[in-house]
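Working notes, beginning with the structure itself.
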Amino acid sequence: MNVLDAEVRKNIESCLGRYPTKQAAMLPALHLVNDRLGYVPPRAVVEIAELLELAPAQVQDTLSFYEFFKQDKPQGKYRLWVCRSIGCAARGGEELLEYLCDKLNVRLGETTADGRVSLEYAECLGACDVAPAILVNDTLHGNMTVEKIDELVDQMSNDQCSMSNADS
Amino acid sequence: MTHEPVLLANVEKKDSHTLAVYEAGGGYRGLRRALKEMSPEDVVELVKQSGLRGRGGAGFPAGMKWSFLPEKHPGPIYFCVNADESEPGTFVNRVQMELDPHQVLEGTILSCYATRATTAYVYLRYEYPLCRRRMQAAIDECCAAGYLGSNILGSDFSLDVYIHVGAGAYVCGEETGLIESIEGRRAWPRIKPPFPAVEGLFRKPTVVHNVETLACVKHIVDRGAGWFRSMGTPPEPNNPRDPGSFGPKLFGLSGHVNRPGCYEAPLGISVGQLIEQFGGGVWKGRKAKAAVLGGLSTGVVATAEFDTPLDFAAPMRVGCPGLGTGGVVVLDETYSMVDFLHNSCRFFAHESCGQCTPCREGTYWALQMMERIKAGRGRLRDLDLLREIGESIGIMPGTTICGLADGAAWPIKTALSKFRDEFEEYIMRTNPNGYMETEPVEALVGV
């Protein structure tokens with residue numbers, strides 16, 4: 001039983017034309033799989049390797065280098081990255097990280113028991129002008145405060161948080 | 001001295017990211033003219049004359065980089081836009097790509113024309129999702145309008161631009177790490193030579209440039225080399241290796257100021273002027289203690305050094321390696337330099353790619369020492385050990401392949417030399433019984 005469905009395979013193949021080698025489609029392929037499955041399980045590594053005509057070890061080698069990709073289980077519906085680098089740390093980023101750990105009752109890198117929220121730290125999100133900053137999936141939230149985090153967590157638990165591809 | 005923004009001229013406009021608004025402001029006129037009236041060599045010459053130096057951190061002259069490409073190469077020649085802006089304190093490329101993606105693209109197209117590159121990859125960090133959407137939309141608009149694709153605007157120049165999304169690794173901002181990452185491997189920087197201009201992406205001649213550098217190219221083509229050289233700092237007369245620092249620069253001001261933001265000023269403005277003229281002063285009525293000069297890896301300056309001009313050469317006079325990225329993070333008088341250095345060491349230990357032992361181990365040892373100091377178990381001796389690590393890792397002492405370790409070392413060296421008293425005071429206060437200890441101390445686990 002394949003873990004990559006026909007659509008993901010088609011999308012991976014449509015990336016191949018951008019590069020002179022198949023291996024170069026590795027990061028796009030890993031992103032496509034991660035978008036679909038929420039992680040990149042070992043079985044997907046084997047299937048990506050087949051599509052790109054590589055050894056699974058080559059895919060695993062690349063994948064394991066990049067912090068973004070996880071292998072053990074699907075990430076939460078909402079992936080939350082809290083910036084802890086100097087621009088945010090100087091304006092309370094690390095305190096927000098601790099607050100979120102308590103509020104969500106998870107440790108860093110863990111997903112809430114209901115599978116909804118994964119909490120991670122980020123190194124500089126490049127949003128120091130709106131520090132402290134948090135990235136939720138594809139949306140940046142700046143000038144965060146405890147109140148705004150409460151609001152955000154409420155929205156996530158009601159599924160009303162922007163997931164979004166909205167061009168905001 | 002007021003500077004009329006050029007790089008940021010569009011960002012206040014409504015829908016500044018769209019082609020219609022960009023063209024209404026004169027966008028792509030320079031490209032039309034260049035394709036008609038200028039040869040690629042003319043563009044290279046113009047950029048050389050302008051004295052444009054790379055805005056990504058190293059400050060290498062852009063025109064010279066282009067002239068390293070082999071002559072009459074049968075191709076393909078590749079072009080990479082380094083949009084992996086990950087240096088702590090740096091966010092100006094994000095602002096550019098979100099609010100004026102066409103400016104970046106026009107500069108890219110012109111630079112590809114100059115270097116005869118036929119494929120460009122925009123290496124964009126995943127942390128910038130809005131940039132991804134805006135840049136992709138801009139590329140699509142360009143393809144539809146004939147600014148990208150085959151035979152651009154009826155010329156015999158063709159170019160494809162693709163976005164390549166990263167996956168969370170600081171070292172991808174190093175140009176050969178970036179190349180490895182596009183090729184689908186772990187982003188381990190390559191040993192140089194060969195330099196990318198000779199053998200880079202897919203083993204072909206390759207040019208890698210920062211987003212802001214490319215935006216400058218667009219304005220140099222529009223306004224000429226003389227305009228570009230009319231602002232900035234001329235070469236230092238007694239430094240034959242300084243080609244001068246010309247043109248406008250974007251500065252990302254953040255930390256403890258009243259108005260953090262992305263601001264444009266001629267090269268040579270000082271940290272103090274940035275804080276006062278743009279940042280509205282230090283927040284909460286406090287005084288500043290220090291500032292990250294230009295991205296974390298350039299280290300810190302103390303308030304007494306706030307009059308240092310932010311150009312490519314002057315920071316060396318205050319013990320910093322150079323301009324860096326223009327990301328200035330202000331720290332106020334209440335912020336602990338112990339916290340600062342701990343934060344810095346943690347960042348670099350996390351981001352060391354692991355290829356070179358001195359960096360992989362050195363950044364980690366430095367972090368362990370900072371954790372111990374922060375936890376109240378520091379020894380005065382640790383400050384000398386930290387300094388020793390700082391002086392031993394990197395391409396300057398010749399122990400690593402890329403400059404990441406140098407970047408880890410500058411915050412250590414500058415913080416310890418400029419704020420040694422504060423570190424000593426902290427250690428003696430928090431570890432009154434052990435600060436003189438010289439025996440090895442076990443590492444703390446899980447701090």
Quick one: what part of [X] sits under 4.5 Å from any heavy atom of chain A, side chain, backbone, both or neither?
X	result
L331(B)	side chain
A187(B)	both
C172(B)	side chain
H350(B)	side chain
R185(B)	both
I179(B)	neither
E85(B)	neither
R125(B)	side chain
Y128(B)	side chain
V171(B)	side chain
E351(B)	side chain
V329(B)	side chain

Side chains of [X] and [Y]: does their closest heavy-atom pair fall under 4.5 Å?
X	Y	value
K287(B)	H256(B)	no
E174(B)	L404(B)	no
I77(B)	T206(B)	no
C124(A)	F91(B)	no
L30(A)	L32(A)	no
T325(B)	N210(B)	no
C353(B)	R186(B)	no

Roughly how far apart are [X] [atom1] and [Y] [atom2], rounded to 0.5 Å?
X	Y	atom1	atom2	value
H17(B)	R134(B)	NE2	CZ	4.0 Å
N105(A)	T112(A)	CG	OG1	9.5 Å
L201(B)	Y78(B)	CG	OH	6.5 Å
L96(A)	C101(A)	CG	SG	11.0 Å
M144(A)	I134(A)	CE	CD1	4.0 Å
K10(A)	D5(A)	NZ	CG	10.5 Å

ask   = Does the gap between the ring centers of Y19(A) and Y121(B) come in under 6.0 Å?
value = yes
message = Using ring centroids (six-membered ring only for Trp), state whether Y126(B) and H31(A) fall under 6.0 Å.
response = no
Would you find a donor on one side and an acceptor on the other, under 3.5 Å apart, between the side chain of [X] and the backbone of [Y]?
X	Y	result
Q355(B)	P189(B)	yes
R55(B)	V211(B)	no
E87(B)	S297(B)	yes
D84(B)	G173(B)	yes

For chain A, find which of [options] contributes the most heavy-atom pairs closer than 4.5 angstrom.
options	result
C262(B), A169(B), G255(B)	G255(B)
S86(B), G168(B), P88(B), G354(B)	P88(B)
S254(B), P260(B), A167(B)	A167(B)
E180(B), E127(B), E98(B), E183(B)	E183(B)

remark   = Scored by heavy-atom pairs under 4.5 Å with chain B, the best of C83(A), C128(A), A25(A) is C128(A)
key: Residue selection (most heavy-atom pairs with chain B, distance under 4.5 Å) from F68(A), W81(A), F65(A), F69(A)   = F65(A)
message = At under 4.5 Å between heavy atoms, what parts of residues 334-347 of chain B are in contact with chain A? List them by residue number.
response =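 Listed by number, the contacting residues are Y335(B), F340(B), N343(B), R346(B), F347(B).
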query = Is it the backbone or the side chain of L135(A) that comes under 4.5 Å from a heavy atom of chain B, or both, or neither?
reply = side chain
request  = Counting only heavy atoms closer than 4.5 Å, note whether A89(A) contacts chain B via side chain, backbone, both or neither.
outcome  = both
Under 4.5 Å, heavy atom to heavy atom: which of [range] reach chain B? Give them by number, or say none.
range	answer
residues 113-121 of chain A	Y121(A)
residues 41-50 of chain A	none
residues 54-61 of chain A	D61(A)

note = For A131(A) and N143(A) the tightest heavy-atom approach is O-OD1, 3.7 Å
Looking at [X] and [Y], does any basic side-chain N land under 4.0 Å from a carboxylate oxygen?
X	Y	answer
E110(A)	R107(A)	yes
E94(A)	R84(A)	no
D138(A)	R132(B)	yes

message = Is it true that, when you exclude N2(A) itself, more than 12 heavy atoms of the residues, nucleotides or ligands shown sit nearer than 6.0 Å to its CG?
response = yes
